[in-house]
A.B. asks: 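Please see the structure below; I have some questions.
Basis for what follows: all heavy atoms, side chains included, without hydrogens, waters or symmetry-related copies. Counting begins at 1 with the first residue of the sequence. This one's a predicted model, so the numbers in the text were calculated from it and none came from an experiment.
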Amino acid sequence: MQVHNQAYGVATYDAIFKSVLSDDAIRPSFFHAFVPGITVMSSERLDNHMNPLKEFQVLRRLLTKNDTSEMIEALQKVYGIEVTVARTEQDAHTRHEKATQFLKALLAHYDDLARAFPKDLYDGSMDFVCKLDNGEYALIETQVIVQDYWDKRALAYVAAFYGNQIRKGGDWGHIKRVIGVNILGGGIDQHRHWKDTPDQFMRHYMFEEQLHKEPRFIEELQLIQYSIQNEPKGELTQEQRDWLMFFKEGYRMSEAQVAAIQTDAVQRAFERAKFSKMSHELRDVYEKEDLQYKRVSGAMEEKWQEGVAIGREEGVAIGREEGNNATKYAIARQLLREGLSLDLISRTTGLSIDDIKGIKK
């Protein structure tokens with residue numbers, strides 16, 4: 001679904017964004033442009049298994065599925081309970097004291113376990129996880145469609161990854177800084193984020209001590225976000241402007257215009273985003289994604305207004321889905337009818353995958 005004479009894909013779409021940052025030679029320039037205060041000569045992309053929100057999925061599903069909770073609730077109501085074992089089929093069953101005590105302890109603390117492994121609200125996949133040459137980590141995501149609670153979602157990823165380091169071995173002194181980098185906006189409709197500060201370009205979060213005049217920071221956990229449609233007039237380096245041009249305007253540019261880009265890594269990024277250089281697999285993923293985004297972007301305002309009206313009508317009937325949630329549920333219904341993917345509907349509405357699956361049923 002190209003526009004007329006379009007040579008390059010939309011760089012903020014997941015397919016191209018991931019393809020570009022997969023190039024080891026490109027990433028240092030990206031970090032230099034978008035992560036202030038650090039110098040990165042090289043970085044290593046980590047496998048998806050490093051994603052902490054993907055850990056313990058089998059255990060999570062076992063603990064949270066309805067059959068388990070119903071069985072636990074039934075056992076908790078039993079006055080006497082014991083575990084019996086038999087060495088062979090012919091042997092008589094005898095009480096196993098330690099196993100009985102273990103089961104009783106498990107029943108007593110099941111609620112704590114279930115709270116420790118709640119149902120996952122999202123599929124937990126981050127666009128990109130990198131280990132920098134200084135040992136620190138960077139979690140990179142792009143988000144085209146404006147979404148409620150994006151800050152909370154991004155913080156959850158960064159915080160979960162930070163805390164997950166200690167479980168992987170080592171002591172507290174070995175925990176490294178984790179920096180989340182969010183590229184927000186772009187796409188064919190040039191979405192702007194942050195309704196409360198619509199002209200703001202950058203946000204940089206970290207912990208700050210609140211009770212003394214002398215500023216004190218915990219810098220080990222940071223979240224840096226850019227609303228790329230709000231590029232400031234001054235104060236940026238040429239490298240930053242070239243990257244922003246790639247993300248914002250790249251798909252509209254001709255090869256002659258791209259030739260004027262001064263940053264080598266951005267030139268290389270344009271090459272990876274060029275339709276004529278894409279693999280068949282990447283092109284197929286991109287075109288499906290492009291179709292979904294265009295269907296959302298083109299229909300979103302209409303569906304939102306429909307959703308608002310339906311949400312008001314259904315607010316009383318659906319009980320807990322009152323107010324804003326009713327609107328989101330109604331919009332999700334409309335987008336499901338359009339045939340959009342669960343992940344894209346989740347990103348658009350802010351509802352969990354599980355909620356959307358429930359609506360689909």
Side-chain angles (χ1 to χ4, degrees), residues 48-86 93-126 139 147-172 175 178 180 207 218 220-221 223 315 317-326 328-329 332 342-343 345-347 349-361:
N48 289 333
H49 74 268
M50 289 291 289
N51 184 343
L53 298 186
K54 284 288 190 184
E55 301 284 350
F56 307 118
Q57 288 291 64
V58 174
L59 179 58
R60 183 193 306 275
R61 288 167 186 152
L62 173 65
L63 290 171
T64 57
K65 68 179 184 178
N66 291 336
D67 290 348
T68 300
S69 59
E70 291 172 2
M71 182 268 294
I72 293 292
E73 184 177 356
L75 288 176
Q76 287 172 336
K77 295 177 180 179
V78 174
Y79 174 73
I81 189 169
E82 66 177 24
V83 177
T84 62
V85 297
H93 283 72
T94 59
R95 176 185 171 93
H96 193 296
E97 189 62 34
K98 290 185 176 180
T100 298
Q101 294 304 317
F102 173 77
L103 178 58
K104 288 181 177 179
L106 181 63
L107 292 173
H109 296 288
Y110 170 78
D111 290 342
D112 294 332
L113 279 171
R115 280 193 293 270
F117 296 93
K119 291 182 179 180
D120 45 344
L121 297 182
Y122 296 93
D123 65 358
S125 60
M126 291 170 283
L139 278 53
Q147 183 194 81
D148 291 340
Y149 310 118
W150 175 258
D151 292 349
K152 292 183 178 180
R153 175 181 172 179
L155 179 60
Y157 284 150
V158 174
F161 193 95
Y162 180 80
N164 197 54
Q165 292 180 68
I166 193 66
R167 192 189 63 77
K168 292 187 177 297
D171 56 35
W172 292 106
I175 289 185
V178 179
F207 287 100
I218 296 178
E220 299 305 298
L221 197 65
L223 183 59
I318 57 183
R320 66 184 181 87
E321 298 176 19
E322 294 179 26
N324 194 39
N325 274 349
K328 291 180 180 180
Y329 274 66
L342 299 183
D343 181 66
I345 296 173
S346 175
R347 288 185 177 223
T349 62
L351 295 173
S352 73
I353 295 291
D354 283 345
D355 283 341
I356 298 167
K357 287 180 179 177
I359 295 169
K360 189 173 183 179
K361 288 180 182 179

A.B. asks: Compare all side-chain heavy atoms of Thr84 with those of Thr100 and state whether any distance is below 4.5 angstrom.
C.D. replies: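 The answer is no; the side chains never approach within 4.5 Å.
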
A.B. asks: Distance from Ile72 atom CD1 to Asp67 atom CG, nearest 0.5 Å?
C.D. replies: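 Answer for the CD1-CG pair, Ile72 versus Asp67, is 11.5 Å.
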
A.B. asks: Evaluate Tyr110 against Thr68 for side-chain contact (heavy atoms from CB on, under 4.5 Å), listing each step before the verdict.
C.D. replies: CA-CA 10 Å; Tyr110 170 78; Thr68 300; 4.0 Å; yes

A.B. asks: State which residue, out of Arg95, Lys104, His93, fulfils the side chain to side chain donor-acceptor pair (under 3.5 Å) condition with Glu82.
C.D. replies: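 Output: one option passes, namely Arg95.
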
A.B. asks: Can you confirm whether Tyr329 sits close enough to Asp355 that some side-chain heavy atom of one is under 4.5 Å from a side-chain heavy atom of the other?
C.D. replies: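 Touching, per the 4.5 Å side-chain cut-off.
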
A.B. asks: Mind checking what makes side-chain contact (heavy atoms from CB on, under 4.5 Å) contact with Leu75, not counting sequence neighbours?
C.D. replies: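 Leu75 satisfies side-chain contact (heavy atoms from CB on, under 4.5 Å) with Met71, Ile81, Leu107 once adjacent residues are dropped.
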
A.B. asks: Are more than 12 heavy atoms, taken from residues, nucleotides or ligands other than Ile218, located less than 6.0 Å from that residue's CD1 atom?
C.D. replies: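 It does not: Ile218 CD1 has 12 such atoms or fewer within range.
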
A.B. asks: Taking all heavy atoms of Leu221 and all of Phe207, pick out the closest pair and write down the distance.
C.D. replies: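 In this case the closest contact between Leu221 and Phe207 is CD2-CE1, 3.8 Å.
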
A.B. asks: If you compare all heavy atoms of Leu351 against all heavy atoms of Ala332, which two are closest, and at what distance to 0.1 Å?
C.D. replies: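 Between these two residues, the closest heavy atoms are CD1-CB, 3.9 Å.
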
